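Take a look at the structure set out below.
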Amino acid sequence: MTDFAGTSRGPVAQTPSRGTASTLARVRLGAGGPLVRVRVADGGVTHVVAEQESPASAGLVPGDRVLDLDGRVLLPGLWDAHVHLAEWASARRRLDLSGTASAREVADRVRDHGRAAPGGSVLFGYGFRDGLWSDAPHKELLDAALPDRPVALVSADLHAVWLNSACLALAGRGDHPTGLIREHEGHVVLSALPEAPAETVDGWVADACRAAAARGITGVIDFQFGDTVGAWERRSAQSPPAVRVAAAVYPSHLDAALARGLRTGSGIGAHGDLVRVGPLKLFTDGSLNTRTALCRDPYPGLEGTDGAHGIEQTPPDELVRLMRRAATHGVEPAVHAIGDRANTVALDAFEAVRCRGRIEHAQLLSPEDLPRFAELDVVAGVQPRHATDDRDVADRYWSGRTERAFAYADLLAAGARLEFGSDAPVSPLDPWLAVASAVSRTDDGRPAWHPEQRLPVRDALAAAARGRRLIRVGDPADLVVVDADPLAAGPDTLRAMPVHATMTDGRWTHGPY
């Protein structure tokens, strides 16, 4: 009797009932895998057997639902390990400024959109990237385009906000000289603007979760700014989301979380099996596009100025203090680090605290830091779409260093665990875009950018599934069925991968079932 999962085929400990037991017949076990039957019941995988074996050996019992998947490929459920979910859900309804080539072009789009959709509420837009523009964002450009309506535009990397005078006045910052506000100050300004009602945002988030499930997503780490745990506690009291959620904690909410005894993995609300507390989000630096990522070398053109090397968001001693306090109470840290100096600071902090956790982004690394991820058991939460989106700005501002930028193959060779995310709305919440970018290192027809850092398809799929490479007996029934074998697919097919069905916790969240 063949056991492709490598484990016993007997029953496993079950969680409370999660619907009718199902046997997935004539399905390929993983990319390039053999035809098997997979039985799921009560939220878990109970049997994995060869297709040619008898139905009885697959654990079929009266009442099981048998689904013929006609040779499609069954993969472990995919995760987006870094998303700002409410921001993404809102951005799907905002003015899209991605692809704009100048501040003037942005102002023109704002004017045209304002004329087509008049109103007195704040006009929100997102997605501009000013790193390579020949002109600078300024409130006067937006004032001329739309003088009587507040305008707030969020940059693609979420590290800057550009406002017109009406919006600056609304936020209590009418004296700001340019209207372009970066980093923490920008988040504070945005929080002062009118927001959609919570129930409206919750509806948008539910829609975004369903859309994510349609692309094979079974879970996300939500790094939405603010009281993310509180927001998900409210949503969890209503209905189960279409994906699993790990809700990040920010330092301003850490005391409240610890006072409640919450720790990473604690269930939240009525659906605590799906919605749990995630990591503590901390920052060491800013971003590449805003030239605030903390680097060893100065940014070209900024030599000798304040901030020439980027910014230090959290001093090293304070970073260690916060990490140690959180880890002592069971909350794992997730440290934002983009520049090479910032990543060294973050790894030094993990070495001092000796706790498990994550570094988010890890975009520019010193060679001596590569093996430290594995040595310290620190996950590299990376976003491969950023490598293709930011290749030009990296070539300009990290000139001479880009062989160690977005160095996914080097990280993997050094033993690091990679987990893919989108950082949505920085890039779309679609795991196949990340897989395709990691495999091809290009998304616009140009030759691969630093092709030595490309990943094999199997490794990219594992990074998109939080390290899961096989479907085994005893695994949670978080699964995705795709119509094309990823091993035989080119980059274009990977990007547009047809997802037949998605199952989370034993429930179909997308597909015909």
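Keep in mind that what you see is a predicted model, and the values were worked out from it rather than measured.
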- Query: Of all heavy-atom pairs between P194 and F124, which one has the smallest distance, and what is that distance?
  - Reply: O-CZ, 4.1 Å
- Residue pair R109 / T100, side-chain donor-acceptor N/O under 3.5 Å: no
- Query: Should R244 and L274 count as side-chain neighbours, where that means a heavy-atom distance under 4.5 Å?
  - Reply: yes
- Exam field: side chain T388 to backbone S437, donor-acceptor pair closer than 3.5 Å: no
- Item | Side chains of H361 and D423 in contact at under 4.5 Å (non-hydrogen atoms) | yes
- Query: Is there a donor-acceptor pair under 3.5 Å between the side chain of D285 and the backbone N or O of G339?
  - Reply: yes
- Item | Sequence-distant partners of D96, salt bridge (Lys or Arg N to Asp or Glu O under 4.0 Å), two or more places apart | none
- Under the 6.0 Å and 45° cation-pi test, does R441 pair with Y408? yes
Return a table of donor-acceptor pairs under 3.5 angstrom between the side chains of residues 300-308 and protein atoms on other chains or two or more places apart.
from	atom 1	to	atom 2	distance (Å)
E303	OE1	G301	N	2.9
T305	OG1	L302	O	2.6

- Indicate yes or no for a side-chain donor-acceptor contact from D227 to the backbone of G230 under 3.5 Å, with no hydrogens or angles considered. yes
- Query: Should the pair D430-R385 be classified as a salt bridge under the 4.0 Å nitrogen-to-oxygen rule?
  - Reply: no
- Task: Output the distance between atom CZ (R358) and atom OG1 (T264), rounded to the nearest 0.5 Å.
- Result: 10.5 Å
- Do T314 side-chain atoms and F283 backbone N/O form a donor-acceptor pair below 3.5 Å? yes
- Task: Apply the test side chain to side chain contact (heavy atoms under 4.5 Å, CB included) to residues L280 and R325: give CA-CA distance (whole Å), side-chain angles for both, the deciding distance (0.1 Å), then the verdict.
- Result: CA-CA 11 Å; L280 172 69; R325 182 156 188 264; over 6 Å; no
- Note on the structure: d(L364 CG, T402 OG1) to nearest 0.5 Å is 9.0 Å
- Query: Would you call D207-R93 a salt bridge at under 4.0 Å N-O?
  - Reply: yes
- Task: Taking all non-hydrogen atoms of both residues into account, name the closest pair between H510 and A213 and its distance.
- Result: CB-O, 3.7 Å
- Item | Heavy-atom side-chain proximity of C295 to R341 below 4.5 angstrom | no
- Task: Flag the pair L455 / F420 as yes when at least one side-chain heavy-atom distance between them is below 4.5 Å, and no otherwise.
- Result: yes
- Which pair of heavy atoms, one from P333 and one from P279, lies closest together, and at what distance? C-CB, 4.3 Å
- Item | A101 backbone acceptor or donor facing E105 side chain under 3.5 Å | yes
- Query: Are I181 and L190 close enough that some pair of their side-chain heavy atoms sits under 4.5 Å apart?
  - Reply: no
- Message: I'd like to know if R495 pairs up with D443 as an ion pair, taking the criterion as any Lys NZ or Arg NE/NH1/NH2 lying under 4.0 Å from an Asp or Glu carboxylate oxygen.
- Response: no
- Work out which heavy atom in A89 is nearest to a heavy atom in A208; give both atom names and the distance. CB-CB, 4.0 Å
- Query: When rounded to the nearest 0.5 angstrom, what distance separates CD1 in I217 from CH2 in W432?
  - Reply: 10.0 Å
- Query: Counting heavy atoms not belonging to R469, are there more than 12 under 6.0 Å from its CZ?
  - Reply: yes
- Query: Which atom pair, heavy atoms only, marks the closest approach of L141 to A103?
  - Reply: CD1-CB, 3.7 Å
- Message: Determine whether a donor-acceptor pair (N or O, by modelled atom type, separation under 3.5 Å) exists between the side chain of R94 and the backbone of G125.
- Response: no
- Query: After noting the C-alpha distance and the side-chain angles of D389 and S427, does the key distance pass the side chain to side chain contact (heavy atoms under 4.5 Å, CB included) rule?
  - Reply: CA-CA 9 Å; D389 285 343; S427 60; 4.2 Å; yes
- N/O donor-acceptor pair under 3.5 Å between R92 side chain and P425 backbone: no
- Task: Could you list the residues that satisfy side chain to side chain contact (heavy atoms under 4.5 Å, CB included) with A160, not counting sequence neighbours?
- Result: S155, L180, R182, T290
- Task: Return yes if some donor-acceptor pair links the side-chain N/O of N164 with the main-chain N/O of L146 below 3.5 Å, else return no.
- Result: yes
- Message: If you take the centroid of each ring, where Trp contributes its six-membered ring, are H336 and H159 closer together than 6.0 Å?
- Response: yes
- Task: Hey, can you tell me if F223 and H84 have their rings parallel, tilted or perpendicular (30° and 60° cut-offs)?
- Result: tilted
- Query: Got a sec, which residues hit salt bridge (Lys or Arg N to Asp or Glu O under 4.0 Å) with R263, two or more places apart in sequence or on another chain?
  - Reply: none
- Message: Has H138 got a side-chain atom pairing as donor or acceptor with E140's backbone, closer than 3.5 angstrom?
- Response: yes
- Query: Would W449 and D395 count as having a side-chain donor-acceptor pair, cut-off 3.5 Å?
  - Reply: yes
- Looking only at side chains, do S422 and D80 share a donor and an acceptor under 3.5 Å apart? yes
- Taking everything shown except R396 itself, do over 12 heavy atoms lie less than 6.0 Å from its CZ? yes
- Note on the structure: When rounded to the nearest 0.5 Å, the distance separating CG of L319 from CZ of F350 is 8.0 Å
- Item | Salt bridge D377-R417, side-chain N to carboxylate O under 4.0 Å | no
- Query: Charged N to carboxylate O under 4.0 angstrom, D143 versus K139?
  - Reply: no
- Query: Are R210 and T509 close enough, and set up right, to give a side chain to side chain contact (heavy atoms under 4.5 Å, CB included), and what steps lead you there?
  - Reply: CA-CA 7 Å; R210 287 188 288 270; T509 55; over 6 Å; no
- Message: Any heavy-atom pair between the side chains of V201 and E195 that's under 4.5 Å?
- Response: no
- Message: Tell me every residue that passes salt bridge (Lys or Arg N to Asp or Glu O under 4.0 Å) with R324, counting only those two or more places apart in sequence or in another chain.
- Response: none
- Task: Can you sort out the partners of E318 under salt bridge (Lys or Arg N to Asp or Glu O under 4.0 Å), two or more places apart, ordered by chain and number?
- Result: R321
- Query: Would you say the side-chain atoms of T292 and E183 include a donor-acceptor pair closer than 3.5 Å?
  - Reply: yes
- R296 backbone acceptor or donor facing H309 side chain under 3.5 Å: yes
- Message: Does any part of the side chain of Q453, heavy atoms only, come nearer than 4.5 Å to the side chain of D410, both counted from C-beta?
- Response: yes
- Item | Test side chain to side chain contact (heavy atoms under 4.5 Å, CB included) applied to C167 and R149, step by step | CA-CA 8 Å; C167 202; R149 182 177 176 185; over 6 Å; no
- To the nearest 0.5 Å, how far apart are CD in E351 and OG1 in T344? 11.0 Å
- Message: Please give me the minimum heavy-atom distance between V480 and P76, naming the atom from each residue.
- Response: CG1-O, 3.6 Å
- Query: Is R129 salt-bridged to D392, going by a charged N under 4.0 Å from an acidic O?
  - Reply: no
- Message: With rounding to the nearest 0.5 angstrom, report the CG to CG distance, N289 to L132.
- Response: 7.5 Å
- Message: I want to check something: taking the side chain as every heavy atom from C-beta on, are D222 and E87 in contact at a cut-off of under 4.5 Å?
- Response: no
- Aromatic rings H187 and F225: how do their planes relate, parallel, tilted or perpendicular, breaks at 30° and 60°? tilted
